[in-house]
Amino acid sequence: MKLSNRIKLGLTFFIWRVINRRAFEEDFLRILPNTLKDAARLIFYRNFTSEEKRIAKSIETYRSSLITTDKILHSFSSPRSGTFKKGNNDHAIAGPYLANTSEAHAKTGASMKGGILLRRITTGLAARTVLELGTNTGFSGCYILSCPQVEQLVTIEGSKDLCEIADRNLRQFSDKYKLMNMLFDDAIDTLSHNDDKFDCVFIDGQHEREATWHYTKRVMPLLNNGGSIIFDDIYWSDDMNQCWKEICMSLDFSVTVDLQLKGVAILRLGEESKMFYDICEYVGRPRIFRKGW
Ligand SMILES: C[S@@+](CC[C@H](N)C(=O)[O-])C[C@H]1O[C@@H](n2cnc3c(N)ncnc32)[C@H](O)[C@@H]1O
């Protein structure tokens, strides 16, 4: 995006915030489940605590070192809308396996704001066991591992190149992780077979509507009662946004929260009434990033 457009967008969001501060506090934050209030505050006020700044600083140091190495790495890119196919065992076919620079991969990984948001969501939900679909170079994983209550992160990545880098990245933070160098469906088969359970799943790969639904349905049985799914890039493409809207309508979840950068869906336990909270009404709705994809 051009600098002038970025400034215009930043200014628009700033004005929105000034006008909507009271409505945000009284109409949105007051009724939002307590577990997600800190995450919502980050999006509205854009303030980081000194602990968050310290954590982000050490994570961002590794990103800088990745940007300066000009290695070519392979990863599974997100396929175009409507191209979803299944192969053997009803497994999804991954997107194209493409080469790109380490700099491009480092920039694909969770940004400081996205990472701290993930940290606040995971901490708010008190998730002790987390499953991530899409490790990439491990940035989101580092932010998850920095949550004090997290006891184990299982993270899945199909690219061997990226797993080697992610392993070095994650190891700096903690040894409480298991990195599975497998395709998502193969790894989910293994986890299901072992009867592994998680409090929270973060879906951040193969961004396409049907693929996202496929993995959502597959990880649901791995969730503990009342567990949650965090969806990344809900405004990435029209198709991903459509998927998010369907998730918000789905009776599988009792609570869905649009946090602008990510969507959170809490699994239904019983007969609770369905609630949907949308922060974009108070901070502005992002434009679809890849229109026509
Ligand atoms: C958007 S990146 C993940 C970014 C990371 N979560 C972060 O925020 O730092 C998506 C990753 O998922 C991996 N991926 C996509 N489809 C996959 C599949 N079907 N099986 C395994 N890995 C896959 C890609 O190789 C890519 O590295």
Side-chain angles (χ1 to χ4, degrees), residues 56 59-60 62-63 66-67 72-80 83-119 121-122 130-146 153-170 172-173 177 179-191 200-216 218-219 229-237 240 261-262 289-290 293:
I59 295 175
E60 295 308 314
Y62 189 78
R63 195 190 311 267
L66 259 188
I67 287 174
I72 295 297
L73 307 165
H74 288 80
S75 66
F76 292 94
S77 61
S78 286
R80 282 197 167 263
T83 58
F84 179 71
K85 280 201 184 76
K86 284 186 187 176
N88 291 342
N89 307 327
D90 245 12
H91 282 190
I93 309 264
Y97 194 54
L98 302 177
N100 217 328
T101 60
S102 48
E103 178 177 358
H105 281 98
K107 288 182 177 165
T108 301
S111 64
M112 173 177 168
K113 188 175 168 199
I116 295 294
L117 176 66
L118 191 57
R119 186 175 191 271
I121 297 170
T122 315
V130 182
L131 171 65
E132 176 180 55
L133 270 60
T135 319
N136 200 259
T137 49
F139 287 105
S140 48
C142 286
Y143 282 101
I144 293 169
L145 284 171
S146 76
L153 165 73
V154 174
T155 178
I156 312 169
E157 172 55 59
S159 157
K160 188 167 178 288
D161 291 350
L162 294 181
C163 281
E164 282 167 15
I165 294 174
D167 201 24
R168 283 200 293 274
N169 197 1
L170 295 165
Q172 307 185 100
F173 263 87
Y177 70 92
L179 176 52
M180 300 176 84
N181 182 196
M182 296 168 104
L183 290 177
F184 294 158
D185 269 316
D186 293 335
I188 293 169
D189 281 351
T190 305
L191 297 168
C200 178
V201 179
F202 176 44
I203 300 186
D204 188 14
Q206 208 169 333
H207 291 322
E208 192 268 347
R209 177 181 154 269
E210 287 172 273
T212 304
W213 263 121
H214 170 81
Y215 295 120
T216 299
R218 287 227 61 205
V219 298
I229 304 185
I230 306 170
F231 296 91
D232 203 49
D233 291 316
I234 55 176
Y235 289 91
W236 191 74
S237 62
M240 278 298 288
L261 302 181
K262 301 187 195 310
F289 180 63
R290 283 207 160 174
W293 180 256

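These numbers were taken from a predicted model, which means no experiment stands behind them. Order of listing sets the numbers, starting from 1, for every ligand and every atom in it.
- Ranking the protein heavy atoms by distance from atom 19 (N) of ligand 1 puts Gln206 OE1, 3.0 Å first.
- Using a 4.0 Å cut-off between heavy atoms, Thr137 makes no contact with ligand 1 at all.
- Between Ser146 and Phe173, the closest heavy-atom pair is CB-CE2, 4.0 Å.
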Please step through side-chain contact (heavy atoms from CB on, under 4.5 Å) for the pair Asn89 and Asp185, ending with a clear verdict.
CA-CA 9 Å; Asn89 307 327; Asp185 269 316; over 6 Å; no

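- In terms of protein heavy atoms, atom 4 (C) of ligand 1 is closest to Asp204 OD2, 3.2 Å.
- Side-chain N/O atoms of Gln172 and Tyr62 include no donor and acceptor closer than 3.5 Å.
- In summary, the atoms of ligand 1 found under 4.0 Å from a heavy atom of Ser75, numbered by their order in the structure, are 25 (O).
- At the top of the distance list for atom 24 (C) of ligand 1, counting protein heavy atoms only, stands Phe76 O, 3.3 Å.
- Remark: Asp233 engages no residue in a salt bridge (charged side-chain N to carboxylate O under 4.0 Å, His left out) (not counting sequence neighbours).
- If you look at Tyr215 next to ligand 1, the close heavy atoms, those under 4.0 Å, all belong to the side chain.
- Residue contacts with ligand 1, taken as heavy atom pairs separated by less than 4.0 Å, do not involve His105 at all.
- Pairing each heavy atom of Arg209 with each of Met240, the nearest pair is N-SD, 4.4 Å.
- Within the 3.5 Å criterion, the main-chain N or O of Asp167 finds a donor-acceptor partner in the side chain of Tyr177.
- Nearest to atom 5 (C) of ligand 1 by heavy atom, out of Ser140, Gly141, Ala211, Gly114, is Ser140.
- Nearest protein neighbour of atom 23 (C) of ligand 1, counting heavy atoms only, is Phe184 CZ, 3.3 Å.
- Classification of Glu164 and Lys160 as a salt-bridged pair holds, one side-chain N sitting under 4.0 Å from a carboxylate O.
- Remark: Arg218 is not positioned above the aromatic ring of Phe184, lacking an NZ or CZ atom under 6.0 angstrom from the ring centre and at most 45 degrees off the axis.
- Between Thr155 and ligand 1 there is no heavy-atom distance shorter than 4.0 Å.
- For the ligand labelled ligand 1, residue Glu132 lies inside the 4.0 Å heavy-atom shell.
- Residue, atom and distance of the protein heavy atom nearest to atom 22 (N) of ligand 1 are Gly158 N, 3.0 Å.
- Here atom 3 (C) of ligand 1 lies nearest to Gly134 when heavy atoms of Ala110, Gly134, Ser111 are compared.
- In this structure, of His207, Met180, Glu157, the residue bringing a heavy atom nearest to atom 13 (C) of ligand 1 is Glu157.
- A side-chain N or O of Asp189 and one of His91 form a donor-acceptor pair less than 3.5 Å apart.
- Not a single heavy atom of Ile156 sits less than 4.0 Å from an atom of ligand 1.
- Using cut-offs of 30° and 60° for the angle between ring planes, the Trp293 and Trp236 rings count as perpendicular.
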